[in-house]
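Numbered from 1 within each chain, the chains take letters A, B, ... in sequence-line order. Every heavy atom of this structure was used, including side-chain atoms; hydrogens, water molecules and symmetry mates were not.
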There are 2 protein chains.
Amino acid sequence: MTATRRDQVRAATLEEIKAVARQQMAASGTADLSLRAVARSMGLTAPALYRYYPNRDALVTALIVDAFNALADHLEAAQAVATGNFGERFMAVIAAYRGWALAHPVDFQLIYGNPIIGYEAPREETVPAASRNLAILAELLAEGLAEGKVEQPRVPAWFVQHLETLRGPGRQSAPIEALYLSVVGWMPLHGILMLELFNHLQPVVGQTDAFFAHTMCHLYTQMGLNLSE
Amino acid sequence: MTATRRDQVRAATLEEIKAVARQQMAASGTADLSLRAVARSMGLTAPALYRYYPNRDALVTALIVDAFNALADHLEAAQAVATGNFGERFMAVIAAYRGWALAHPVDFQLIYGNPIIGYEAPREETVPAASRNLAILAELLAEGLAEGKVEQPRVPAWFVQHLETLRGPGRQSAPIEALYLSVVGWMPLHGILMLELFNHLQPVVGQTDAFFAHTMCHLYTQMGLNLSE
DNA sequence: TGTTTACAGTTTACGGCGTTAACAAACAAA
DNA sequence: TTTGTTTGTTAACGCCGTAAACTGTAAACA
């Protein structure tokens, strides 16, 4: 029942395995993750890891869930710290999103890239964590809407229906319009980041920093966000 | 000099290896590509393949170059066939882009996803092929600009400079404004497709077909394209 | 036409991988 | 102190990419 001595050690080992795996993937790429190498680097033999994770995919799943939550934590922290008017706060969170992706490319592509083989992470684990990210953007957009800094979008009827189920029956969060804008606004953001992470953006646009800042402001302004005041 | 008998057989074998590899990846995912399995499926032993490709990465590179060109060919064909006003023609090519991505998910993620390990395809091969795709969009947008169906965008000065080098010294292709719009418009398109291909879009938006059509029209209209007349 | 040469394929081998089975030591609970 | 559980080991299986050495066979040339 209470956390016994052995349970603590076990929990620490579970974490250490993930840490070493992350470190190894940062050095050699997501697909190179090798249980034997992880074990070796921990001074263990490979079969010992099977006491902690039933197989390699289970370890990857754990890493993915961690990555999702780390990103959402990072965004929440950025949102909490952000000051100034709506535009400044919104762009601060957008910048934090890109910042995390560039700082943790392996985790980001673990989440949003093709995560090793035909493997698919279990929905019940990843979808809620992924929703947190959208929820943060939606919350900010709700503030913008309330302040009149964001134009009311016209949400298609069929989409309203789905967004309501997405919002869940629980806590009364952002209005549909905010959720809608966060989803649509996610597309160019995600597109830029995926291209940048896989080095397809730099040869096309030259200065990726400037392109990101410019394009995001440009598109979001055209979507009806007042970012300047 | 002329294509001798043996050269023809060799060329056919090079193609067969790629075909079998594509087929195997379609069945088991990009990272599962196994030289031994390809050889087995061709009635050969694994080392025999080394007469044709110096190693596994070389084969993957060949597949990537093929995929780039297949996508560009597909877009050019769609453009050639497209009729109607500017908006209809433009959206037809956009739809063709998505159509190809969904019909050839493995090739698309070979191009734009993380293509196995820390491996990077040689720039001198992939960049020109990738540029073809943008060039087709830019050409269409140039027509739209000429017809007054596309608003003149304000291109940032630093970006003008880079876009001119990108356009190359060769043939006088689309104007800078068209190139600019094609690059910016590529971001949401790519974002949607990457999310859809990795199954992150469906849980969020429900009907991916409707979402794609709606969002693309929405964003491009806001970017200043007149799609309706 | 007969000889040489280049090529396409083989077998064998090395070291690495994920994973399973059988077993030993350390430890917790009785 | 004994018993049972947990954590680790070694050995083994069948994959993988790749290299070396070797063998026929088809093309090129005398």
Side-chain angles (χ1 to χ4, degrees), chain A residues 1-18 20-21 23-25 27-64 110 115-121, chain B residues 1-25 27-64 110 115-121:
Chain A
M1 186 60 35
T2 77
T4 88
R5 168 117 201 96
R6 205 143 62 172
D7 287 350
Q8 289 175 10
V9 174
R10 179 162 232 283
T13 307
L14 280 165
E15 283 304 313
E16 188 187 351
I17 292 173
K18 286 193 290 188
V20 172
Q23 180 181 325
Q24 184 180 312
M25 292 201 321
S28 323
T30 52
D32 261 358
L33 180 59
S34 149
L35 287 188
R36 294 185 114 109
V38 170
R40 215 179 296 129
S41 147
M42 292 177 65
L44 288 179
T45 58
L49 298 189
Y50 285 76
R51 300 287 172 197
Y52 298 91
Y53 296 95
N55 51 49
R56 187 160 156 277
D57 279 3
L59 172 55
V60 172
T61 300
L63 290 171
I64 289 177
L110 212 47
I116 299 164
I117 358 181
Y119 164 90
E120 278 196 55
Chain B
M1 184 63 35
T2 76
T4 88
R5 167 116 199 96
R6 202 142 66 172
D7 287 350
Q8 288 174 11
V9 174
R10 181 164 229 284
T13 308
L14 280 164
E15 282 305 312
E16 188 186 350
I17 292 173
K18 286 194 289 188
V20 172
R22 262 190 291 267
Q23 180 181 325
Q24 184 179 312
M25 293 202 320
S28 323
T30 51
D32 261 358
L33 180 59
S34 150
L35 286 189
R36 294 187 111 109
V38 169
R40 214 178 298 130
S41 148
M42 292 178 65
L44 288 178
T45 59
L49 298 188
Y50 284 77
R51 298 283 170 197
Y52 298 91
Y53 296 96
N55 51 48
R56 188 160 155 277
D57 279 4
L59 172 55
V60 171
T61 300
L63 290 171
I64 290 178
L110 210 49
I116 300 163
I117 357 182
Y119 163 91
E120 278 195 55

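In this entry the distance linking CG of B:Leu35 with P of D:dT18 reads 6 Å, nearest Å. Whole-Å rounding puts the B:Leu44 CG to C:dA8 P distance at 12 Å. We find that CG of B:Asp7 is positioned 12 Å from C1' of C:dA6, with the value rounded to whole Å. For the pair A:Asp57 CG and C:dT19 C1', the computed distance is 12 Å after rounding to whole Å. Computed from coordinates, the B:Asp32 CG to D:dC16 P distance equals 10 Å when rounded to whole Å. Whole-Å rounding puts the B:Leu14 CG to C:dC7 P distance at 14 Å. In this structure, A:Asn55 places its CG atom 17 Å from C1' of C:dA21, rounding to the nearest Å. What separates CG of B:Leu49 from P of C:dG9 is a distance of 9 Å, to the nearest Å.
A side chain to side chain contact (heavy atoms under 4.5 Å, CB included) with B:Leu49 is found for exactly one of B:Asn55, B:Leu59, B:Val38, namely B:Val38.
By the 4.5 Å heavy-atom criterion applied to side chains, A:Arg10 and A:Leu14 are counted as neighbours. The closest side-chain heavy-atom distance from A:Tyr53 to A:Thr61 is not below 4.5 Å.
Residue contacts shown for B:Tyr53 are absent, as no nucleic acid heavy atom lies under 4.0 Å away. Using a 4.0 Å heavy-atom criterion, one finds that B:Tyr52 contacts the sugar-phosphate atoms exclusively.
Contact annotation: B:Thr45 reaches the phosphate of C:dT10 (side-chain N/O to OP1 or OP2, under 4.0 Å). The side chain of B:Arg36 contributes no N or O atom lying less than 4.0 Å from OP1 or OP2 of D:dG17. Taking 4.0 angstrom as the limit, A:Arg10 places a side-chain polar atom (N or O) nearer than this to OP1 or OP2 of D:dT7.
When all heavy atoms of A:Thr13 and A:Met42 are compared, the pair lying nearest together is CG2-CE, 4.4 Å. Minimum heavy-atom separation, A:Asp32 to A:Gln24: O-NE2, 3.5 Å.
No N or O donor and acceptor, one from the side chain of B:Arg56 and one from the base of D:dG17, sit under 3.5 Å apart.
Side chain of A:Pro47, nearest nucleotide from D:dC22, D:dA11, D:dT7: D:dA11. Closest to the side chain of B:Ser34, from the set D:dC16, C:dT11, C:dG9, is D:dC16.
For the pair A:Arg40 and B:Ala48, nearest-nucleotide mapping onto DNA chain C gives the more 5' position to B:Ala48.
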